[in-house]
J.: 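Pasting a structure below so you can have a look.
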Amino acid sequence: MHKTEHLTIEKPDVQDSGIQRAAAILRDGGLVAIPTETVYGLAADALNPQAVGRIFEAKGRPSDNPLIVHIAHLEHITNVARTVPESADKLAKAFWPGPLTMVLPKASGIPDKTSGGLDTVGIRLPSHPVARAVIEAAGVPLAAPSANLSGSPSPTTAGHVLADMEGRIEAVLDGGPCGVGVESTVLSLAGERPLLLRPGGVTPKQIESVIGPIDIHPAVYHALERGQKAESPGMKYKHYAPHTKVMVVKGDGQSFARYVNSQIGKVGALCFDEDLPHLHVPAVSYGRMGQPDTQAQGLFDALRRLDGLDAEVVYARYPDVDGMGLAVYNRLMRAAAFEVIEL
């Protein structure tokens, strides 16, 4: 393929020339990486199976991994979902536009390619004005998983996208860094009880304040059972991983520094800002201690930077798991393929 176009935005509305160009590529069956408030998404016309097939090809993504469909207006949910329960309506009013994906029975027009062969589909109304302007200008809902090579850390800047996708896609629309920094929360409302499939920018407590108790899928904390089908993006065993091997270390700051400093060989660390002065090995911080929102914003960039440490193993400091910390924990554990050292 030819060189990937780097499109810039003067103002985030439908008339902007960069957004118009992106929309034209999408209507024509092409692929465009677009900014959202969570991470950059690799967008294609969700109703065009050939275009959606190209997403899987560009990412090297398994075809049974479902995609999330993005809409520009709340009323468009009925074009994508067959039925919309009262709980979905309440959650949409509370958290849309925003980083919440709801899994609902899919409408007949949604191709199997988009839903990963499932009879349900994940739907999201992003809050990023550029994302919504692109969807509106394209005139179709957009399937848009993270715009990275499958399994590698998700992109939170246009530069991250180009590092993985240069020459594989038609264009990237540069909207600056993403605000949330990790993918959306995915909540299934297709079963008997609401089920959290992936933690993200809307926390379980926030959801429960609107619709009452929810269940949390075991794959949020552990690897999927062998042969178990992923019901949502981000449920696979290893995901978000740099090339360098990552192992998570559970312990306080002092124990963590002592353990890492005692390791022999080419070792690195992924830690909090407060740990940096105590480490004698190359280290990258992913945020401040006790601030899961800033940890989420910094995590994927930090994971990408680990490959520049020239380390064979990187030891990562275990995050808090409360609130937004659950999303950080989930991404970090998958990056480490669930390998944890308890001190």
J.: Would you say Q291's side chain and R288's backbone share a donor-acceptor pair under 3.5 angstrom?
T.: no
J.: Do you know which two heavy atoms are closest between S127 and P97, and how far apart they sit?
T.: CA-CB, 3.5 Å
J.: Return yes if some donor-acceptor pair links the side-chain N/O of K90 with the main-chain N/O of P85 below 3.5 Å, else return no.
T.: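 Between the backbone of P85 and the side chain of K90 there is no qualifying donor-acceptor contact (under 3.5 Å).
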J.: Determine whether the aromatic ring centres of residues F300 and Y286 are separated by less than 6.0 angstrom.
T.: no
J.: Mind checking side-chain hydrogen bond (donor to acceptor under 3.5 Å, both in side chains) for R317 and listing every partner two or more places apart, or none if nothing turns up?
T.: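 With sequence neighbours excluded, R317 shows a side-chain hydrogen bond (donor to acceptor under 3.5 Å, both in side chains) to D275, given in chain and number order.
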J.: With side chains defined as the heavy atoms from C-beta onward, is the minimum distance between V103 and V121 less than 4.5 Å?
T.: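 No. Closest side-chain heavy atoms not under 4.5 Å.
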J.: Assess the residue pair M324 and V180 against the criterion (side chain to side chain contact (heavy atoms under 4.5 Å, CB included)); give the C-alpha distance rounded to whole Å, side-chain angles, the decisive distance to 0.1 Å, and a yes or no.
T.: CA-CA 10 Å; M324 187 71 173; V180 177; 3.6 Å; yes
J.: For the pair D301 and T156, evaluate side-chain hydrogen bond (donor to acceptor under 3.5 Å, both in side chains) and give the outcome as yes or no after the intermediate values.
T.: CA-CA 7 Å; D301 182 63; T156 53; 5.5 Å; no
J.: Taking the side chain as everything from C-beta on, heavy atoms only, tell me whether P213 gets closer than 4.5 Å to R193.
T.: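 SC-SC contact between P213 and R193 confirmed.
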J.: Do T101 and R198 get their side chains close enough for a donor-acceptor pair, meaning under 3.5 Å?
T.: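 Looking only at side-chain atoms, R198 and T101 do not form any donor-acceptor pair under 3.5 Å.
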J.: Kindly indicate, with the supporting measurements, whether the criterion salt bridge (Lys or Arg N to Asp or Glu O under 4.0 Å) is fulfilled by K106 and D112.
T.: CA-CA 10 Å; K106 72 174 185 178; D112 282 350; 2.7 Å; yes
J.: Applying a strict under-4.5 Å side-chain criterion to I, L, V, M, F, W and Y, I'd like to know whether I169 and L67 cluster together.
T.: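 Yes, because I169 and L67 connect within a single hydrophobic cluster, where side-chain heavy atoms sit under 4.5 Å apart.
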J.: Taking atom types as modelled, is there a side-chain donor on D174 or T8 under 3.5 Å from an acceptor on the other?
T.: no
J.: Would you indicate whether the side-chain heavy atoms of I19 and E136 approach each other to under 4.5 Å?
T.: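 In short, these two side chains do not touch, never coming nearer than 4.5 Å.
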J.: E208 side chain to I214 main-chain N or O, any donor-acceptor pair under 3.5 Å?
T.: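 Checked: pair present.
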J.: Going by an N to O cut-off under 4.0 Å, is there a salt bridge joining R27 and D45?
T.: no
J.: Can you tell whether the side chains of E37 and R132 come within less than 4.0 Å, N to carboxylate O?
T.: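 Salt bridge between E37 and R132, a charged N being under 4.0 Å from a carboxylate O: no.
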J.: Where do H278 and F256 land on the side chain to side chain contact (heavy atoms under 4.5 Å, CB included) test, with the steps shown first?
T.: CA-CA 10 Å; H278 309 293; F256 175 75; over 6 Å; no
J.: Check whether any side-chain heavy atom of H160 lies under 4.5 Å from a side-chain heavy atom of Y40, and answer yes or no.
T.: no
J.: Looking at H70 and I68, would you say the former's side chain and the latter's main chain have a donor-acceptor pair under 3.5 Å?
T.: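 Yes; judged by distance alone, with no hydrogens or angles, the pair exists.
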J.: Quick check on side-chain hydrogen bond (donor to acceptor under 3.5 Å, both in side chains): which of R331, E183, R304 does S154 satisfy it with?
T.: E183
J.: Within the 4.5 Å heavy-atom criterion, are V172 and L7 side-chain neighbours or not?
T.: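 They are not in contact (no side-chain heavy atoms under 4.5 Å apart), so the answer is no.
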J.: Report yes or no: does T185 contribute a side-chain atom to a donor-acceptor pair with the main-chain N or O of G200 at less than 3.5 Å?
T.: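 Looks like yes, one N/O pair under 3.5 Å.
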J.: I'd like to check P319 versus V328 (side-chain heavy atoms, cut-off strictly below 4.5 Å). Are they in contact?
T.: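 In short, these two side chains touch, coming nearer than 4.5 Å.
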J.: Taking E339 first and then K245, would you say they form a salt bridge - that is, a charged N and a carboxylate O separated by under 4.0 Å?
T.: yes
J.: With distance as the sole test, does N48 use its side chain to make a donor-acceptor pair with the main-chain N or O of G29 at under 3.5 Å?
T.: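 No.
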J.: Does S87 have any side-chain hydrogen bond (donor to acceptor under 3.5 Å, both in side chains) partners at least two apart in sequence or in another chain, and if so, which?
T.: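 With neighbours one apart ignored, the set is empty.
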J.: Set out, in order, the CA-CA distance, both residues' side-chain angles and the distance that settles side chain to side chain contact (heavy atoms under 4.5 Å, CB included) for V134 and L173, then state yes or no.
T.: CA-CA 10 Å; V134 173; L173 189 59; 3.4 Å; yes
J.: Does any part of the side chain of V69, heavy atoms only, come nearer than 4.5 Å to the side chain of T114, both counted from C-beta?
T.: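 Sidechains of V69 and T114: in contact.
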J.: Pair L91, L189 - check side chain to side chain contact (heavy atoms under 4.5 Å, CB included), show working.
T.: CA-CA 11 Å; L91 289 166; L189 297 171; 4.0 Å; yes
J.: Are any non-hydrogen side-chain atoms of L303 and L270 less than 4.5 angstrom apart?
T.: yes
J.: Sequence neighbours left out, what passes salt bridge (charged side-chain N to carboxylate O under 4.0 Å, His left out) with D16? Give chain and number order.
T.: none
J.: Look only at the side chain of E166 and the backbone of K3, and say whether a donor-acceptor pair between them is shorter than 3.5 Å.
T.: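 Absent.
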J.: Is there a donor-acceptor pair closer than 3.5 Å between any side-chain N or O of T36 and the backbone N or O of T38?
T.: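 Such a contact is found between T36 side chain and T38 backbone.
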J.: Going hydrophobic residue to hydrophobic residue with side-chain gaps under 4.5 angstrom, can you get from Y318 over to M247?
T.: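 No; M247 is not reachable from Y318 via cluster members.
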J.: Counting only N and O atoms by type, is there a donor-acceptor contact under 3.5 Å from the side chain of E170 to the main-chain atoms of G30?
T.: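 No; judged by distance alone, with no hydrogens or angles, the pair does not exist.
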